[in-house]
Amino acid sequence: MTKDMTSGSPFRLILGFAFPMFLGMLFQQFYSMVDTIIVGKFLGVEPLAGVGSTSSLNFMVIGFCTGVCNGFAIPVAQMFGAKREPELRRYVANCAWLCVAFSVVLTVIVAALCRPILRLMNTPESIFEYAYVYILIIFLGIPFTFLYNILAAIIRSLGDSRTPVVFLALSSLLNIVLDLVFILVFGTGVSGPALATVISQAVSGIICLFYMKKKFAVLRITKEEWKPRRHYMGNLCYMGIPMGLQYSVTAIGSLIVQAAVNGFGANVVAGVTAAQRINAFITCPVESLGATMAPYSGQNMGAGKIGRIGQGTKIASLCGFAASAVLLVFVLLFGRSLVLLFLDVPDEEVIRHAYQFLLTTASGYCLLTLVNTVRFSIQGMGFSVFAITSGVLEMIARGLAGLVLTPMIGFTGICLAHIMAWIFADSFLIPAFFYCRNKVMKMHRQMA
């Protein structure tokens with residue numbers, strides 16, 4: 001079921017589109033958090049720290065996959081907004097060819113480099129094998145990551161944000177069941193949650209594929225349209241690679257911070273792991289508002305309705321500010337209790353570090369709101385290269401926090417890393433948005 005976002009109330013359209021995306025992200029983060037809770041409760045602090053120590057590396061690679069897929073979907077949204085269906089199908093076909101190539105190459109490279117990267121990150125010996133086994137299995141599942149993310153991104157680009165949520169919910173439940181079966185029945189250790197994640201992702205992708213073939217008549221691609229085309233692949237790479245690199249470049253800074261965290265020992269790593277999982281879970285409202293802006297801006301860009309992009313960005317940002325205030329109060333009241341969910345026995349050092357990290361980060365959620373809404377609006381207009389610049393600035397900020405601030409002020413430097421990154425990114429993205437909007441408006445006036 002497609003949805004046209006080029007007419008009607010931007011407020012209603014954005015909230016109506018963002019809410020299913022919020023539920024989808026909630027499910028995704030929920031089963032990620034359940035993975036961590038099950039590891040902490042049933043396997044102990046060191047396996048928990050091992051899994052957690054891979055989070056930045058995981059984000060760097062899986063984030064690249066997700067970013068590339070979201071970027072690939074932008075031309076699809078633009079063609080849908082412009083009502084150019086044959087070109088839309090050609091873009092979808094070329095997305096498929098590119099995703100196959102990217103997934104094979106990326107899987108081989110990152111699987112080979114897992115162990116050396118974990119060494120470079122100063123991963124403690126006591127948790128090293130836990131980290132290696134977990135992340136290797138996750139990376140071997142990269143083809144399924146591409147499968148689900150490209151199909152879900154295409155479905156969303158056609159205005160349907162609800163269907164991927166349903167499939168993700170089923171996948172999340174399967175993931176939780178498999179976590180418990182692998183650990184409690186088969187005694188697999190940390191490899192169990194990793195296998196559960198890969199299998200669940202595969203199931204989500206396969207269901208999405210069957211659904212698209214049955215429900216979207218606009219995506220019934222002919223043999224001629226399936227042919228690889230250099231022009232379409234070039235446009236897709238121009239949109240997708242910068243978005244993927246933005247995640248990866250950002251994650252390099254996170255790797256530096258994670259290396260600094262690793263230097264504090266297993267208990268601090270476990271505390272930051274718990275805080276990061278909670279942070280990812282409760283920021284879903286802000287993240288979903290941002291992710292909504294890519295298809296919203298893309299469709300309106302394709303339809304030539306540039307004024308609606310600015311309206312939508314403002315509305316999404318204001319909604320995100322309100323959500324940020326509520327989330328900060330929530331962390332103040334319940335942050336310490338949430339950390340206990342991840343521990344088999346209460347550990348005051350783990351709880352103290354987790355709560356400090358979580359509270360400091362939560363105070364900057366309004367900055368994160370702008371990073372998301374403004375960046376995705378820019379990408380929806382077709383300026384994906386700007387994503388790399390903002391990612392580089394985030395990387396620099398986190399690098400400064402890990403390499404300069406942390407040696408000076410200790411663990412507090414780790415806690416400030418996210419806020420510094422968001423300030424650096426916003427300082428570029430906000431003026432960049434107005435530049436991009438004005439450039440597009442000028443281009444449309446010249447074409448009129």
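Predicted model, so just to flag it, every value in this text is computed and none were measured.
Side-chain contact check for Thr163 and Asp160: at least one donor-acceptor pair (N or O, by modelled atom type) lies under 3.5 Å. Side-chain contact of Thr123 with Ser53: a donor-acceptor pair under 3.5 Å is absent, judged by distance alone.
Between His418 and Trp422, the ring planes lie parallel to each other; the angle is under 30°, not in the 30° to 60° tilted range. Classified by interplanar angle (parallel below 30°, tilted 30° to 60°, perpendicular above 60°), the ring pair Phe64/Phe102 is parallel.
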Exercise. Can you check side-chain contact (heavy atoms from CB on, under 4.5 Å) on Ile38 and Ile183, steps first, answer last?
Worked result: CA-CA 9 Å; Ile38 291 173; Ile183 290 178; 3.4 Å; yes

Problem set entry | Intermediate values then yes/no, side-chain contact (heavy atoms from CB on, under 4.5 Å), Val51 and Thr273 | CA-CA 8 Å; Val51 171; Thr273 297; 5.9 Å; no

Problem set entry | From CA spacing to verdict: side-chain contact (heavy atoms from CB on, under 4.5 Å), Trp226, Arg89 | CA-CA 8 Å; Trp226 269 112; Arg89 288 190 290 272; over 6 Å; no

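Cation-pi check for Arg119 over Tyr132 is not met; the charged atom does not lie both under 6.0 angstrom from the ring centroid and within 45 degrees of its normal.
Less than 6.0 angstrom separates the ring centroid of Phe167 from the ring centroid of Tyr211.
Scanning all heavy atoms of the two residues, the minimum distance from Ser324 to Val286 falls at OG-CG2, 3.9 Å. Ala111 approaches Leu140 most closely through the heavy-atom pair CB-CD2, 4.1 Å.
The ring pair (Phe, Tyr, Trp, His ring centres under 6.0 Å) search around Tyr365 returns none, not counting sequence neighbours.
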